[in-house]
There are 2 protein chains.
Amino acid sequence: MLLANADIDNSQGLTERQKAVLDAALRLLVEEGDQLTMTAVARRASCSKETLYKWFGDRDGLLTATVQWQASKVRVAPVDGKGLDLASLTASLERFASDWLKVISSDTSIALNRVAVSHAGSGKDNLGAVVLENGRFALARRLKPVLEAGRQAGLLDFADAETAFRTFFGLVARDVQIRLLLGDRLELTEATIGGDAVRATQQFLALFGAKTGPQGL
Amino acid sequence: MLLANADIDNSQGLTERQKAVLDAALRLLVEEGDQLTMTAVARRASCSKETLYKWFGDRDGLLTATVQWQASKVRVAPVDGKGLDLASLTASLERFASDWLKVISSDTSIALNRVAVSHAGSGKDNLGAVVLENGRFALARRLKPVLEAGRQAGLLDFADAETAFRTFFGLVARDVQIRLLLGDRLELTEATIGGDAVRATQQFLALFGAKTGPQGL
DNA sequence: GCCGAACCGTAACGTACGGTACGGCTGTTG
DNA sequence: CAACAGCCGTACCGTACGTTACGGTTCGGC
């Protein structure tokens with residue numbers, strides 16, 4: 001919860017030059033995997049290693065700053081919970097599903113999650129927590145109000161928003177993320193993602209849609 | 001598909017001493033994270049580094065052998081698809097769900113998946129493919145016959161077994177694996193797993209159960 | 001124009017670790 | 001017993017990389 005606004009603060013305290021350096025590090029991370037050496041970052045960013053150490057302390061600091069910098073960039077437009085009919089709710093859910101699939105299948109997300117998973121394997125769990133906070137938990141924070149609004153409007157029926165969210169998460173992501181992280185080729189075209197978003201939303205509504213009137217499949 | 005029987009061959013060509021060494025490596029992997037140095041393995045297994053290199057070639061060979069050795073150990077009892085009524089199908093699905101949750105939440109699985117994800121980030125994707133083949137794809141191979149039998153018996157209704165499997169996978173695993181890999185504490189007690197298995201199975205049946213007669217929730 | 005701060009490029013240092021070599025011990029074979 | 005193979009323990013080598021140090025350059029302030 002503290003991390004939620006921490007990432008906002010971070011993007012403020014950075015100079016343009018520092019942001020450019022972090023962008024270079026991010027690009028390098030995506031391209032080269034975790035062979036992210038300080039020398040490579042310095043060369044790519046056209047800065048000296050001395051500067052890297054002065055700004056970010058050590059390698060972990062640079063890694064953390066890079067992840068948080070990326071996290072601060074992907075601020076998804078919040079969905080307005082104004083239209084409370086079934087059509088708009090469906091559209092919102094499909095939008096969430098589609099956005100999420102695009103995120104987790106992006107090269108950036110895969111690279112970041114890989115380095116965070118590796119990091120969590122070693123002692124310090126900083127990166128894992130940051131990625132989790134800006135990924136899965138941020139998604140929950142944005143989606144839950146929509147679910148609650150849907151319940152308020154009599155469109156959804158669930159006891160616990162957290163449980164409902166996790167089911168939606170599972171229906172959307174399925175095995176995609178773990179397969180991508182493990183190196184499985186898995187071409188997710190725009191069309192595939194769109195279809196999956198619709199399917200997941202329909203399944204979710206079938207499970208949690210309010211039983212008012214006949215439920216058309 | 002070739003990897004499917006490769007892991008069977010491997011457990012045969014190993015001497016008892018070699019298995020003991022791999023067990024030591026596996027324990028070290030679980031305890032120490034990816035700080036798996038050749039020296040540490042040699043010390044833990046009370047063998048010389050020279051022997052490690054003679055038997056496994058290089059560090060990657062040792063890692064791969066360790067992962068395959070673990071994979072060859074977790075051969076889950078196949079479910080018999082004989083009882084074709086709803087009760088036994090439900091029991092089978094719950095059993096699969098429960099087993100899978102236990103696997104992905106085990107320290108061993110977490111450690112192995114972490115190292116495989118890291119490995120996939122670096123060039124070679126060997127470990128990722130091995131883990132995927134013995135994890136997610138092995139599960140699909142075992143579960144699909146059950147689903148097909150359920151459809152044959154008129155209990156399930158789906159067009160594509162792969163799609164149905166992936167939905168089941170999503171309903172069972174949800175966000176558990178990624179959270180654990182990223183270092184999130186997530187106590188999965190026996191009771192929690194059992195409850196989740198029942199819930200996931202009920203949700204799956206609600207989505208894919210044949211529409212014969214009124215569907216009781 | 002001069003000073004100091006910030007920064008670039010690069011050289012240098014220390015260490016960790018993958019990989020190799022070798023001496024010594026043990027069990028086996030003839 | 002002698003010869004030998006297999007293996008343990010350890011010392012050693014080369015390299016990659018994190019980290020530090022330093023000379024040279026740019027630039028804002030006086």
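Every chain is numbered from 1 and lettered A, B, ... according to where its sequence line falls, protein lines coming before strand lines. All of these numbers come straight from a predicted model, not from anything done at the bench.
- Among the nucleotides D:dC22, C:dA21, C:dG19, the one closest to any side-chain atom of B:R59 is C:dG19.
- Checked against D:dG23, D:dC7, D:dT19, the side chain of A:E50 finds its nearest nucleotide in D:dG23.
- The base of D:dT19 lies close enough to the side chain of A:K49 for a donor and an acceptor atom to sit less than 3.5 Å apart.
- Look at CG on B:L28: it is 12 Å from P on C:dC17, rounded to the nearest Å.
- Using a cut-off of 4.0 Å between Lys/Arg side-chain N and Asp/Glu carboxylate O, B:R95 and B:D99 are scored as salt-bridged.
- Comparing B:T39 and A:W55 along DNA chain C, the residue whose closest nucleotide (by nearest heavy atom) sits nearer the 5' end is A:W55.
- As a whole-Å value, the separation of B:Y53 OH from D:dT10 C1' is 14 Å.
- Salt bridge present: A:E162 and A:R136 bring a charged side-chain N and a carboxylate O closer than 4.0 Å.
- The residues B:R44 and B:E31 are annotated as salt-bridged, a charged nitrogen and a carboxylate oxygen being separated by less than 4.0 angstrom.
- Counting only heavy atoms from C-beta on, A:T51 has its side chain closest to C:dC8 among C:dG18, D:dC17, C:dC8.
- Rounded to an integer number of Å, the gap from B:L63 CG to C:dC17 P is 15 Å.
- No more than 12 heavy atoms of other residues, nucleotides or ligands sit less than 6.0 Å from atom CG of A:D107.
- In this structure, CD of B:Q18 is placed 12 Å from C1' of D:dC7, rounded to the nearest angstrom.
- In this structure, B:L52 atom CG and D:dT10 atom P are separated by 15 Å, rounded to whole Å.
- Rounding to whole angstrom units, CE of residue A:M38 and P of D:dC17 are separated by 13 Å.
- DNA chain D is contacted by both A:D58 and B:S46; B:S46 maps to the nucleotide lying nearer its 5′ end (nearest heavy atom per residue).
- Among the heavy atoms of the strands lying under 4.0 Å from B:R17 are primed sugar atoms or P, OP1, OP2 only; no base atom is included.
- The nearest whole Å value for the distance from the NZ atom in A:K54 to the P atom in D:dT20 is 13 Å.
- Between the CG atom of B:L36 and the OG1 atom of B:T66 there is a distance of 7.0 Å, given to the nearest 0.5 Å.
- The nearest whole Å value for the distance from the CD atom in B:Q35 to the P atom in C:dG18 is 11 Å.
- Out of C:dC8, D:dT19, D:dC8, the shortest distance to the side chain of A:S48 is found at C:dC8.
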